[in-house]
Amino acid sequence: MMTTPAQSVYRQVLGADFNLLAVELQRFHSMAGRALLTGKFSVQGPDNHAGRLVSALFTLPKAASEAPFKFELDANARQETWRRHFPGRSMVSRMHAGPGMLVERFGPISFYFRLKTSDGQLSMLLQSVTVLGVPSPRFLMPKVSARESGADGRLHFSVSAHLPVVGLLAEYRGYLELSPGSDPIGSDPGCAAGLPTP
């Protein structure tokens with residue numbers, strides 16, 4: 001069952017800039033409780049053995065075109081758990097608000113992202129990585145870019161991940177369908193909106 005917390009994780013990090021996002025992004029990043037969303041995605045995978053090994057380690061999606069995609073969310077004001085179900089592979093991460101950044105954890109590895117809004121879109125810019133709390137050297141840091149946009153009741157996403165020496169790990173894009181309903185966005189910057197479970 002969905003609820004409406006005062007401050008979602010993304011709203012905590014973005015502050016007033018949260019209100020600059022497209023309506024679809026505001027709806028998605030204000031969700032709380034548990035929800036299942038569906039959509040489609042396409043992905044280009046690594047072209048070498050090392051890349052495929054690392055990609056499998058992080059359970060990144062395999063190469064596909066217009067494949068079905070399921071997304072499970074379990075969110076509250078402290079933490080969000082994202083379960084992305086790709087064909088034959090699932091990827092789980094947990095997110096929380098850090099000082100001015102979004103922290104995403106994959107097991108013992110934490111990624112620290114700065115969030116930026118532009119023309120209603122959201123970009124995630126990787127700033128640092130830690131393994132068991134130990135900072136990764138800059139020359140070993142992966143290059144990760146992620147962007148979200150909203151249109152026609154859908155959240156559109158585009159993600160790419162490259163690793164030094166190894167090269168491309170995954171490059172995927174697609175969309176999630178958001179449930180129809182009345183406009184959930186309030187004029188109060190502190191107002192967070194819930195979205196019913198599909």
Side-chain angles (χ1 to χ4, degrees), residues 5-18 20-21 25 28-32 41 43-63 71-86 89-118 121-149 155-174 192:
Q7 292 284 339
S8 67
V9 168
Y10 275 74
R11 185 182 285 276
Q12 291 173 48
V13 177
L14 283 168
D17 284 351
F18 186 88
L20 302 177
L21 295 173
L25 299 190
F28 176 76
H29 289 299
S30 293
M31 294 170 68
F41 80 104
V43 61
Q44 176 184 349
D47 57 6
N48 59 65
H49 186 61
R52 286 188 286 272
L53 285 176
V54 177
S55 179
L57 178 66
F58 282 94
T59 62
L60 292 169
K62 300 177 182 179
F71 177 90
E72 286 185 84
L73 175 72
D74 188 355
N76 56 50
R78 297 183 305 277
Q79 176 179 276
E80 296 187 7
T81 300
W82 289 22
R83 294 181 173 88
R84 310 157 180 88
H85 299 291
F86 304 105
R89 190 171 283 181
S90 293
M91 181 170 64
V92 181
S93 66
R94 291 174 174 81
M95 304 180 187
H96 68 270
M101 292 191 191
L102 179 77
V103 184
E104 182 171 17
R105 292 185 292 112
F106 291 86
I109 305 177
S110 295
F111 296 82
Y112 294 77
F113 291 96
R114 182 166 63 88
L115 303 184
K116 180 181 178 182
T117 62
S118 177
Q121 300 183 12
L122 175 66
S123 296
M124 298 176 61
L125 310 173
L126 184 62
Q127 304 298 299
S128 61
V129 177
T130 63
V131 181
L132 293 173
V134 179
S136 168
R138 300 293 296 183
F139 71 91
L140 290 178
M141 271 183 55
K143 181 179 179 182
V144 179
S145 65
R147 179 172 294 179
E148 296 175 356
S149 61
L155 179 145
H156 296 264
F157 57 85
S158 176
V159 181
S160 68
H162 295 75
L163 195 62
V165 180
V166 173
L168 176 68
L169 298 180
E171 196 168 81
Y172 61 96
R173 65 184 64 237

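Everything quoted here is computed from the prediction, not taken from an experiment.
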Closest heavy-atom contact between [X] and [Y]?
X    : Y    : value
L25  : E148 : CD1-O, 3.6 Å
M95  : V9   : O-CG2, 4.4 Å
P135 : T130 : CA-CG2, 3.9 Å
M31  : A75  : O-CB, 3.6 Å
P142 : V129 : CD-CG2, 4.0 Å
V43  : F41  : CG1-CE1, 3.6 Å

Is it true that a side-chain atom of [X] and a backbone atom of [Y] form a donor plus acceptor pair closer than 3.5 Å?
X   : Y    : value
S8  : R11  : yes
N48 : V166 : yes
Q12 : Q7   : yes

Under 4.5 Å between any side-chain heavy atoms of [X] and [Y], yes or no?
X    : Y    : result
E104 : F113 : yes
Y112 : L126 : no
H162 : S160 : yes
E171 : V159 : no
Q127 : M101 : yes
H85  : R83  : yes
D47  : L168 : no

Notebook entry, point to check: Parallel, tilted or perpendicular for F86 and Y172, by the 30°/60° rule?
Noted result: perpendicular

Notebook entry, point to check: Under the side chain to side chain contact (heavy atoms under 4.5 Å, CB included) criterion, do W82 and V92 qualify, and how do the steps go?
Noted result: CA-CA 6 Å; W82 289 22; V92 181; over 6 Å; no

Checklist line | Pair F28 and F71, ring centroids less than 6.0 Å apart | finding: yes

Note to self: Can you confirm if the aromatic rings of F111 and F106 lie within a centre distance of less than 6.0 Å?
What the structure shows: yes

Next item on the list: Test side chain to side chain contact (heavy atoms under 4.5 Å, CB included) on Y10 and S30 and set out the steps.
Entry: CA-CA 8 Å; Y10 275 74; S30 293; over 6 Å; no

Item checked: R173 atom CZ: more than 12 heavy-atom contacts under 6.0 Å -> no

If I take atom [atom1] from residue [X] and atom [atom2] from residue [Y], how far apart are they, to the nearest 0.5 angstrom?
X    : Y    : atom1 : atom2 : value
L21  : L122 : CG    : CG    : 5.5 Å
D17  : L115 : CG    : CG    : 9.5 Å
Q121 : K116 : CD    : NZ    : 11.0 Å
H29  : E80  : NE2   : CD    : 7.5 Å
T81  : R105 : OG1   : CZ    : 8.0 Å
L14  : R114 : CG    : CZ    : 11.0 Å

Next item on the list: Take R138 and S128 through the side-chain hydrogen bond (donor to acceptor under 3.5 Å, both in side chains) test and state the conclusion after the steps.
Entry: CA-CA 8 Å; R138 300 293 296 183; S128 61; 5.9 Å; no

